[in-house]
Amino acid sequence: MTILYHENSKVFHLYNDTISYVMMILKNGHLGQLYYGKRIRDREDFSYFLETCERPMTARVFEEDDAFSLEHIRQEYPVFGTTDFRQPAVEVLQENGSRISDFVYQSHSVKGGKPKLSGLPATYTEADEEAETLTVTLRDALTGMEIELLYTIFAEGGILARSARFLNSGEQTLRLTRAMSLSLDLPDRDYVWQQLSGCWARECHVHSRKLEPGIQAIGSMRGNSSHEHNPFLVLRRPHANERQGEVIGLSLIYSGNFRIQAEVDAHDTLRVLAGIDPETFTWRLDPGESFQTPEAVLVYTDQGLNHMSQTFHKLYQRRLARGYWRDRVRPILNNNWEATYFDFTEERLLAIAAKAKECGVELFVLDDGWFGERSSDHAGLGDWVANRRRLPEGIAGLADRVEELGMKLGLWFEPEMVNKDSDFYRQHPDWILGTPGRSQSQGRHQYVLDFSRKEVVDAIYEQMAEILRKAKLSYIKWDMNRSITECFSGGWPADRQGEIYHRYILGVYDLYERLTSEFPKVLFESCASGGGRFDPGMLYYAPQGWLSDDSDAVERLKIQYGASMCYPISSMGAHVSAVPNHQVYRNTPLHTRANVACFGTFGYELDLNKLTEEETEEVKEQIAFMKKYRQILQFGTFYRLKSPFEGNETAWMVVSEDQKTALVGWYRILNDINGRYTRLRLEGLHPAYAYRNQKSGLVHYGDELMYAGLITTDDTAGQAPAEAKHSTDFESGIYILEAIPSV
């Protein structure tokens, strides 16, 4: 890992064993992009990568140089209107109405490690040797605006983290109307664009298409990163797949309105931009004030999609997630929501908890309905005080009784929302987001609290902290069940209303930071009607998230497969729920529901008392299996083998760090008759290790399993006998492979 600056050629070269990132100071003082990709040998001068030529209909920067036009030069942080007509990374509105800027190189510095971003989640280092950070300062002489471009290259993996910090060092008030975290100009468009999109209950579906001239983008203007589009992008070469080929992954560590876009110009140059959505953003900078953009993370590999994902998994597990739970296996839980909804008493909760304990569950979670006058979703949000009619001794008393059973207690909150039928709203009706003189939209009968105002965040913090101080709580599920509408804050002047979306997210981050700092051993799980805010920004505070409200095993195959493109298994909340499923009303076998959920944090979303004796024994076996293998399942190396978007079967696997244990998940949606023989080519095993297949008892070497494959043929090949137990729709299996001494 090295960051070099060659003075004579004015070239920067950032590199480690995997990647090189090369840029230079152009003749007009701007930064030009020269190369990003597989590691190349350093040399004094890479300026030959900068190609220019005279083109018709081109505006030129210099009178004497007909070839130097920013329209046709790859740049690091481009502006619009000074011979570049593509979408810019930055735009500054000045007091005279101009939006033209000229950001010229001033200085740079290199330091070991990685600086913390003020008020924002970001990747981090624990030792300076883990990374180096280059800070390049650019300045616009006319306005005095300075930009610090931050580039952090990690010692391991093809990882580059980028962000920008703005400082108004001039004398006039300036307004940012665009401040992207990253701009990346690439020399060609020969990529497949791959995104994770969907909606509530079908998040993170994989969608792919070739890049064509023009602009394509994903983003959110909902106030949250959204169910519709995850802040993540893959650019892969057309022939790249899970096992091989060049892939670039881009992940934005942010939980609010965002945009990630690709622009292909008339000469097939590709510009990628990522950052805060500019349509819903402005930021006033008075003299001396600064603004920091969220961080964007780039991952490059020439070893295919799986390797890109594994790089993100490792980084986000170890250097984005923080705290007590970062490296610990997650407790197996039972959540009461789909078991009771709002219809519960303390005694009913304890009956569910007692059965869960009998089965081996470690954590009982009380979901919505425990507070204020909350008997439906019409009232109570904002009044974070226990309803004593349901819980006579409050949350502290319930926690004590659950602990007497030998379990821990978790609790649901929705701190960012309020019902008008609540004491909190009646005391502070002006504390919601709403535009004066306009109607107020509601969702789920609730309104969004104005988290851009410190006094609002303070009030919610005091309520939540009061409960956490008095009750023995081990887990908090933090929900957020509607997007922002009528985004206007009564706490800020007119010329700062364009800041409210971002200030809202900063308020959310602030509340998370304060609670996780005061209660470091409490496990926080983020939720937003499932995956409405399942993003890297949340992982910084909550090391796991409720990935989707859809708990159906078949639907979860696509959701979890897609999410694994960027997010580690340890971050994915996944539960076994009742049948018929409460979202799609599908009946799936109990073992298949568990076989999907175990590739996640694992838990139950049902009343275990309602199971048959045979099913209860099966649950006990599932929990025993999860306890034995959860370290590997949650923190091992994950591989996708078969895509649910491409056929009737899905398969994935996880391998222990020492390569001595592998767990292979195999899933078939619809049954077959007189079908083909089937096998899976596995990944990540040690070629020379002998592995015993616990299902069949057979022993195979790792090279056999990876190159010839694991045979998965079952009764659907041929005519299934009448007694065939596992020849049904929605079938699945977990293959356990354990290394044994060589045979």
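For this chain, numbers begin at 1 and follow the sequence in order.
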Q: Answer yes or no: is there an ion pair linking E126 with R326, defined by an N-O contact shorter than 4.0 Å?
A: yes
Q: Consider only side-chain N and O atoms of R630 and Q634, and report whether a donor and an acceptor are under 3.5 Å apart.
A: no
Q. Just wondering, more than 12 heavy atoms not from E393 lying within 6.0 Å of its CD?
A. no
(Q) Under 4.0 Å between a side-chain nitrogen and a carboxylate oxygen: does that hold for R514 and E518? (A) no
Q.
Can a side-chain donor-acceptor contact be found between T716 and N671 if the only test is distance below 3.5 angstrom?
A. no
Q: State whether the side chain of E338 and the backbone N or O of L606 hold a donor-acceptor pair below 3.5 Å, judged by distance alone.
A: no
Q) What do you reckon, is NZ of K470 surrounded by more than 12 foreign heavy atoms closer than 6.0 Å? A) no
Q. Does any N or O in the side chain of Q544 come within less than 3.5 Å of the main-chain N or O of E525, such that one atom is a donor and the other an acceptor?
A. no
Q: Might you work through the side chain to side chain contact (heavy atoms under 4.5 Å, CB included) test for L539 and I253, ending with a clear yes or no?
A: CA-CA 9 Å; L539 284 183; I253 304 178; over 6 Å; no
Q) Rounded to the nearest 0.5 Å, how far does CG of N306 lie from OG1 of T311? A) 10.5 Å
Q) About how many Å separate OG of S255 and CE of M480, when rounded to the nearest 0.5 Å? A) 9.0 Å
Q) Is a side-chain N or O of Q583 found less than 3.5 angstrom from the main chain of S551, in a donor-acceptor match? A) yes
Q) So, are R401 and E404 salt-bridged, with charged N and O less than 4.0 Å apart? A) no
Q: Check whether more than 12 heavy atoms from other residues, nucleotides or ligands sit under 6.0 Å from atom NZ of K627, and answer yes or no.
A: yes
Q) Under the 3.5 angstrom rule, does the side chain of R322 hit a backbone N or O of Y540 as a donor-acceptor pair? A) yes
Q | side-chain hydrogen bond (donor to acceptor under 3.5 Å, both in side chains) between H575 and E605, worked out | A | CA-CA 6 Å; H575 295 171; E605 194 91 12; 2.7 Å; yes
**Q.** Any donor-acceptor N/O pair, H313 side chain to S564 backbone, under 3.5 Å
**A.** yes
Q) Between N336 and D367, is there a donor-acceptor pair closer than 3.5 Å when you use the side chain of the first and the backbone of the second? A) yes
**Q.** Check: F342 ring centre within less than 6.0 Å of W337 ring centre
**A.** yes
Q | Short side-chain to backbone donor-acceptor contact, T650 and Y667, under 3.5 Å | A | no
Q) Where the side chain of Q463 meets the backbone of W384, is there a donor-acceptor pair that is under 3.5 Å apart? A) yes
Q. If you measure from CG on L705 to NE2 on H686, what distance do you get to the nearest 0.5 Å?
A. 13.5 Å
Q) Can E683 and R640 be counted as an ion pair, charged N to O under 4.0 angstrom? A) no
Q) Taking all atoms of both residues into account, what is the closest heavy-atom pair of W325 and P331, and its distance? A) CZ3-CD, 3.7 Å
Q: Could you tell me whether K660 and E738 have a side-chain N and a carboxylate O separated by less than 4.0 Å?
A: no
(Q) Does the structure place the NZ or CZ of R390 under 6.0 Å from the centre of the six-membered ring of F344, at an angle of no more than 45° from the ring's axis? (A) yes
Q: Look at atom CD of E513 and say whether more than 12 heavy atoms of other residues, nucleotides or ligands are closer to it than 6.0 Å.
A: yes
Q.
Ring centres under 6.0 Å, that's the criterion: do W666 and Y735 meet it?
A. no
Q. Closest approach of Y341 and H582, non-hydrogen atoms and distance?
A. OH-ND1, 2.6 Å
Q) If you take all heavy atoms of D607 and R348, which pair is closest and at what distance? A) OD2-NH2, 4.5 Å
Q) Does atom CD of E657 have more than 12 heavy-atom neighbours, drawn from other residues, nucleotides or ligands, at distances under 6.0 Å? A) no
Q. Side chain of H227, backbone of G532: donor and acceptor closer than 3.5 Å?
A. yes
Q) Could E416 and R533 be called an ion pair, given the rule that one side-chain N must be under 4.0 Å from one carboxylate O? A) yes
Q: Would you please classify the geometry between the F524 ring and the W478 ring as parallel, tilted or perpendicular, with 30° and 60° separating the classes?
A: tilted
Q) CG of L670 to OG1 of T728: how many Å apart, nearest 0.5 Å? A) 10.5 Å
(Q) Can you give me the closest heavy-atom contact between P543 and A321, atom names plus distance? (A) CB-CB, 4.2 Å
**Q.** Minimum heavy-atom distance between K357 and L405, given as atom pair plus value
**A.** CG-O, 3.3 Å
Q: Pick out which of Y461, Y475, F371, W370 makes a ring pair (Phe, Tyr, Trp, His ring centres under 6.0 Å) with F413.
A: W370
Q | Value rounded to 0.5 Å, distance of CD1 in I476 from CG in L515 | A | 8.5 Å
Q. Would you call the rings of Y691 and Y689 parallel, tilted or perpendicular if under 30° counts as parallel and over 60° as perpendicular?
A. tilted
Q | Heavy-atom neighbours of E347 CD exceed 12 at 6.0 Å | A | yes
Q: Examine distances only and state if a side-chain atom of N334 and a backbone atom of Y604 form a donor-acceptor pair shorter than 3.5 Å.
A: yes
Q) Do S548 and E203 get their side chains close enough for a donor-acceptor pair, meaning under 3.5 Å? A) yes
Q. Measuring from E649:CD to E731:CD, what's the distance to the nearest 0.5 Å?
A. 11.0 Å
Q: Kindly give the heavy-atom pair with the smallest separation between Y509 and G537, and that separation in Å.
A: OH-CA, 4.0 Å
Q) Would you call R202 and D550 a salt bridge, using N to O less than 4.0 angstrom? A) no
Q) Judged by modelled atom types alone, do S526 and Y512 share a side-chain donor-acceptor pair under 3.5 Å? A) no
Q: Mark yes or no: R328 above the aromatic ring of Y324, with NZ or CZ under 6.0 Å from the six-membered ring centre and no more than 45 degrees from the axis.
A: yes
